Amino acid sequence: MTNKHTDQPTGEVENTATNAAGVGIGTSTAADSTAAADVNATATGSSTTDNDSATDTVSDNSANTTGKDVVERPLGVFTRPEGGRGWRDWLSTVDHKKIGILYGVSAMFFFLVGGVEALLIRLQLAAPNGSVLSADVYNQVYTMHGVTMVFLFIMPLAAAFANYFIPLQIGARDVAFPRLNALSFWIWLSGAIFLNTSWIVGGGGADCGWFCYSPNSGVAFSPSHGVDFYAVGLQILGIASLVSAVNLIVTCLNMRAPGMTLMRMPILTWMLLITQFLLLFALPVITVALFLLMFDRLFGAQFFNPDAGADPLLWQHLFWIFGHPEVYIIILPSFGIISEVIPAFSRKPIFGYQFMVASGIAIGFMGWGVWAHHMFVSGIGPLSVAAFSLSTMFIAVPTGVKVLNWLATMWDGKLRFTVAMKFAVATVAMFTIGGLSGVTHSVAPANTQQTDTYYIVAHFHYVIFGGGVLGMFAGIYYWWPKIWGYLLNERLGNWHFWIMLVGFNLTFGPMHILGLQGMSRRIDTYATGYGFEAWNMVSTVGSFLIAFAVLLFLLNVWKSKRGSPYLQPPGPDPWDARTLEWMIPSPPPVHNFDTIPSVHTRDEWWHRKYAENEQGEVVSVVTAEEAAQTGDAKGVHLPSPSFWPLAVAVGFPLIGYGIIFNLWLALVGGLIVLTSLYSWAMEPADNPDTQHDDHDHLQHDDDNAHTEDHDNQDSQDSASESPDDNKDNKQLTVA
Amino acid sequence: MKTTSLPSPVPTRPRTVLIGSLLASSATFIAFCSLVALYVRHRQQARIVGQDWFTEGSLQLGPASMMLMTLLLSVVTVQWAVQSAKTEDRPHQFMALGTTLLFGVAVLNQFWFVYQDVGLAIDDSKAALFFYVVTGAFIAMLVVAMIAMIIATVRSLAGTFGKELANIVQASAFFWHATVVCYALVWYTVFVTK
Amino acid sequence: MSFPSFPPMTASSTSYQNTMTAMMQPASTNDHTLIGRIAAQGKRSLSLRSLVATSDHILIGRMFIVLSLLCAFATAVLGVLLRIEHIAHLFRLRADHYSFMVFDDPNNWFRMWTLYRMSFIFLVLLPLLIGLGMTIIPSQIGADVLAFPRAALGAFWCWLIGATIMVVSVLGGGGWGSLYHVTPDNTDAVSLTLLGTGMTICGLLLAALVIATTIISLRETGMSLKNVPPFTWSMLVASVVWLTTFPIVIANIALIYTGLHGGQATSFAVSEDENIWLQLDWITEPPAVYALAIPALGIILELLYAASGRKAPWPTFGAIAVGLFGFLSIGGWLQDFFVAGNLTADGMPVASDPRYQLPYVVFAMAIMLLVFAFSANMFSLPRVKNTRTASLTLMLVAATVFGALRVLEPFELLESTITTSVFNALAVAGIIAAVAGICHWSYQLFGVTLVPEKMNQIILILLLTGGLCLTGADALSGVLGADSFVLLPEVALDVESPLSSQVEAQHVSSAFVQTFDTGSIAAFLTFASCLGLSLVAAGLLMLSIEALTTFGRTPQQVTAHTPSQEMASTT
Amino acid sequence: MFTAGFKFFFKLFVVLITAAIVYGYTSGGNHVGPLSVGWKGGVGDHTGYGILLALATVSLVISLALIAFRDADAEAQAELLNVDRIPIPPQRAVKASWWPTVSAFGIGTTVIGLVLHPAIFVLGLATVGLVVVEWTMDAWADRVTGDTKANRMLRNRIMAPIEIPVLGALAVGIVVLAASRILLTVSALGAVLATSVIAVIILAYASVYVAWPELARKFIPELAILACFVLLVGGVLAAIKGEREFHHPESSSDSTLYETDTDDASETHNPIDGNIDENHSGISDTSSVES
């Protein structure tokens, strides 16, 4: 073969080119490409550089049209990402663990944002006739505080736990739809940023309260674009949550390891699964409401305008049909977390596993039947009030079951009060306070007095902060070593815990009194002489204590990270825990499990470490280090990273701005979304360019190939003698 | 199918694009110079007759000099791009091309300011007409140069580094330099000597 | 001065020799022809796609050639019509003093007259020679491909569409200015004409750029710029001259267009002392118009070499002559030499300006030298069968002589019809050169000899006699004192226009009408020129028909001819 | 040594610069004006002098470039590529392309639009912009690797995600626009009938498709093209004809229908200062609207 085209008749020149191409195609092994390089090098006559160009081909990734003979990255920066290190990898990752971390870090950021807003509120109310904020800004701040904390902090933090731990706890390599997973995060982030840009471009945040009752949400009472951003932004966030919900439900139902029956699933996974179902059914409702609101405000519709014959109660119903399940969306993940933490530190299995699961499911169901208790004073009629009163009282039952079970788990356990455990116990306690004050609301006459007072504020902060946030912190302290590979400092953690607990009670405890004294919720200031001064000041001091505690937490993260190289790494299982995520190294390798474990019992990991001896005593048969996987499996077939989820998400805020400001922008955003979706659809789930060793053919071949694939695995795990080989392999090849 | 480890394309003649660019730049330069020459001639005629060409103080030298400075800087960044294309240095390549384009946009922006500042209508006088034709021709040339630069950028974004890309960048760079020279002419004939 | 020397045509093997040999090979082994390529690609015939989306330089060149031949015929017919109008005036055949026979009014006559000149340049000569260059040059330099084939296709379509806009807008009332001021009524049409002209020029410039780049950058190993074939060298010189001349037209057009739309106060088109046509007409006049004939010299050399099988007496001489021709035909700097009453800046008449006379005298000398140099070969040819070379040379000599005569002061012919005669001589020379080239390389171009040998001779004789008749008669009229054909005489007297005032100032008093009051000799000469132009038109018609029929030929029909026979008969 | 190209252009430069100076003096220049580009003294005719000077500059630059590149002789270029003999790309290495032609039409449209109508101008500019993008990407893709199949695939990987959704959106937009024009033009009853007929046709086609999928599949493109064509023609005709007369019932557009409730509603639905009593009247309000 020769490259001397000038010597050749025209007709044959192209043949030369195609021949050269023919040699180049399919040269995946180093030997072949070297051969091709040789041929080409000879052809171009640079015989002296033969060896150089051949080695270039193998070693150098940057391609060249003339100097080298093989084009490595013909698409340049548009080359499909392959994962690895660096910030680009975070933008294109489809790894559920990385997405979980992204969720968590972003949620913590917005926790700080929402926290600052909370401090502003408390500063304003610290003393009578506060003048820190104007009434208008105060409205915006408390609205955005609520929206931020609910939609941008606690929900995504739960999503972080869900993303990170559901696959690990059920023994999967990834979620069912990894790119959808990335999509849900990026859309959520774009929506969150969009929502907060209303401070800059929307003339301030939304100012209608987080449940945004009509007619306060109408243009007449809220002429700035804040509510528009609320309406559009929450819709974007809703897309993210829906996508995530679908994905995680399918993951829980379809991706479990062999032997992991539903009733062997850890409680956390169970609670998160229920949460996803709640999201799946609740979000469409709020989306409808927001859609109507958007049309009211931006396109002159009259859905909530009584002047045009509409009914503002429509909004309240729609909102609370979403809103009450939302409470459980917030609280159930936290329940799941403490249901993992408490058994681990009580050295006992959870008490009444079936009841825990059943009560979770019951809460999930009954949560749909209580929404109108938010509307007792809206004039829904005595019959409705009575019915919803009863249903609200009933929902305390499954919750009570849970509280009892946690107590019973601790009963007679070998309790270790680590920071995580302390947070978990505090969660139980604080949530119970919140729950009890909730029961008082179910009594309609009391409710009538309490509605729209600080009593309500106290109640739901005990539920959401006491039950949700403290539980999340329990989870953070518990799983931190798993995620990052180092432990958080217990001493600083203790300071964090106690200051936060004290601050929390100082902040929200007095609010009960203030509420009963008649202090209205959402007033921007109050006059002297009502007896509000002292408790408000206490409350403000408490809020700053919470802020200080959060700073301590951040300090703890920083100091622990700095100190970690000098300490013994925590190993795969620092807490002697019970679930599958602790059987892999910390932090987990990208492929999670070297081989997918087969599950034989609930708390599988604990049962691999301990067994009963002949005397019926529980003894350690093997240490965690010995039983754990090493994480060094090679050639595990993983889904390929992709930029398209990010690209799709970029389009959504543009559509949002477009709807609010200029429809042409929406067109641009729509085209970006459309284009990216098309690219996504055309992009194979597995990148054909990556080196999959012998797994390359899997996407094309049928099940026979899976067996072959399995045979080629490095078998590290003693439990891999599972009878259910097919199912085992399915985990490997899911994209 | 795989898109990595594909065979290299048949190498083309180096410098073909550069020579094309050389000739195209020459032709454009001639067109531009003849406009400037006509400008100067008509200005001279007007002065012989004793008419005012521009009214005193209507043209500010400051912004014009600023544009010259910007373009002179861009000459450096363009060469930076050429150099980094030759050495296959991707980050530098993007930075250099990006900065060059930024300078281009900056000059367009400054011209917008100059047009606002001058406040001449095109039919005010022959001077105004010539002013707009000469500067408009320059702006058109700059836009073409920027499009060439954008094409070079796209080629370096999507694609392989190598001599081929270096040729394209070099060719675009040549046209860019010709543009800068043309602006220097405008600066001297229109803004300095008024 | 050491200019590049053309390779000697001896037995010693040079790349040029190789190329020539290769070009004479039959199609079977090394098929450079379009038909051969289509056959190789397995296509049955030309499809729309192959015309619209091709990257084949031969096909693009052929489209240039065929369309410009058609344009040439149309332009010649337009010229005949213009002359008929003229004769009608001279014989006073019109109904009344001011009415016209063919064209409705003087303004129309003027616009058509300008169209005639512009289309000869931009629709005929340039595209014809560019088409020839595109097809032949790659094979002459062993490149097999143009530097930027897609740009070449873009150039063709840009030219075609620009030309369409230009012609249609002129027919629709536009034009390069008008006798009267440009009015709001026809501002749009005039603008379209201007922009169409600009677009046409852009297309041609792009094509020239492609050709020049190909010559500079794509030569075969061993072929330095020093020993490229004469036609290639002449095309390089021509492309560069075009590339440096026509942008000046574009600059002028930009100025005029902006003036036209910028408001009445500053418009160049409507002000008292400046007219659109006067700002552009320098390209139709010497020396710029000579730039169109640069490739003709290259073709003469090629024909001579091919016919004689020998090199020229001095190998570098041809190259020097071509280069000199290129140097001297750069004329953009003279563009408004004539503004303000044909006076120089010092107030002297232009005709007396040595700067203006010099180029033409040098020109004449250069061409004479060229002729002397060639004559040695011509007369020593084994078979004197060289109509093309002879006629081409004759036309060029005529153009040069007339051009020199025109500027020499004693004759005072600057604004006489001799200007037209120079233009026409060059136009016909250019066409003959292209025809000669097409016939010479017809195998490369069309896969067949374009026209049967006898028809070929007839066409050439038609073109030559017609051309000589046309230019000779015009030149004679000029010598006898006839005005330039810018205006019909009486129109010039009667119509108030910027143009007429100038013409009036210098020439009308001593012109045509007075000298030949009866118009008998003038009418005869005009009739002769009209006849000559008709002959040219007839020749062009025959040529166009041949080109068109050949264009659609299928490979099967081609194979009926034996290439070797064709080549033998044409050389 | 000095290459042929350099010699030609350098001599051209010498001639032109000489000509420029001579011309500058003879046309009225004085002092050292023509020598110093008008720095000290005048140059006479600025146009001729300026153009000659520009030509000289260009000649000089080209001559210098050519000598630097050794006339771009094949040997020099081969040296640059580090090969023995310069390769020449085969004729068909450059694929046929529509874009040059389309670009010329785009420029033509722009030119015509510049004079006649801004909309045409924008259309032309859009075409030119499209061509710039497509041509650039084609030129890139043609030479990105040595494998033509892979090149096509790589091009499509970047461009198809832009082309297909945009074209698809455009096509859908045109169909919707055409259909809406038709429905707005025909009478109210006609619109109902038209949509019903179309629905029936689609249903019938779907039934055929279910029954004889092979048969139906053959005609999918033809039918789709036919339908689109009919729609387009109908849409254009309808747009020319204009919309039919619409009778807007005045009473339904304002709130008179609900006027009796307005006072109540505005009072009751104010959750800020709402109390129980007023909320009860809110209930009656709701019921009245329902009834």
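Predicted model only: the values in this text are computed from it and were never measured. Per chain, numbering begins at 1; letters A, B, ... match sequence-line order.
- A heavy-atom distance below 4.5 Å is found between the side chains of W282(C) and T245(C).
- If you measure heavy-atom distances from A137(B) to chain C, you find no contacts under 4.5 Å at all.
- The side-chain contact (heavy atoms from CB on, under 4.5 Å) test with Q93(B) singles out one residue from V82(B), T87(B), L157(B), V169(B), and that residue is V169(B).
- Residues of residues 25-35 of chain B placed with any heavy atom under 4.5 Å of a heavy atom in chain C are listed by number as A27(B), I30(B), A31(B), S34(B), L35(B).
- Looking at I248(C), the atoms closer than 4.5 Å to chain B (heavy atoms on both sides) sit in the backbone and in the side chain alike.
- Looking at T99(B) and T77(B), their side chains never bring a donor and an acceptor atom within 3.5 Å of each other.
- Side-chain contact of R43(B) with T193(B): a donor-acceptor pair under 3.5 Å is present, judged by distance alone.
- Aromatic ring centres of F246(C) and F122(C) lie closer together than 6.0 Å.
- Side-chain atoms of Q83(B) and H92(B) form no donor-acceptor pair, as typed in the model, at a separation below 3.5 Å.
- Both the backbone and the side chain of L243(C) come within less than 4.5 Å of a heavy atom in chain B.
- Side chain to side chain, T197(C) and W176(C) meet the donor-acceptor criterion of an N or O pair below 3.5 Å.
- Taking chain C as the reference chain and counting heavy-atom pairs below 4.5 Å, the highest number among L18(B), L22(B), V134(B), V133(B) is found for V133(B).
- Looking only at side-chain heavy atoms (C-beta outward), P63(B) and V114(B) come within less than 4.5 Å of each other.
- Of the listed residues A251(C), A212(C), A208(C), the one with more heavy-atom pairs under 4.5 angstrom with chain B than any other is A251(C).
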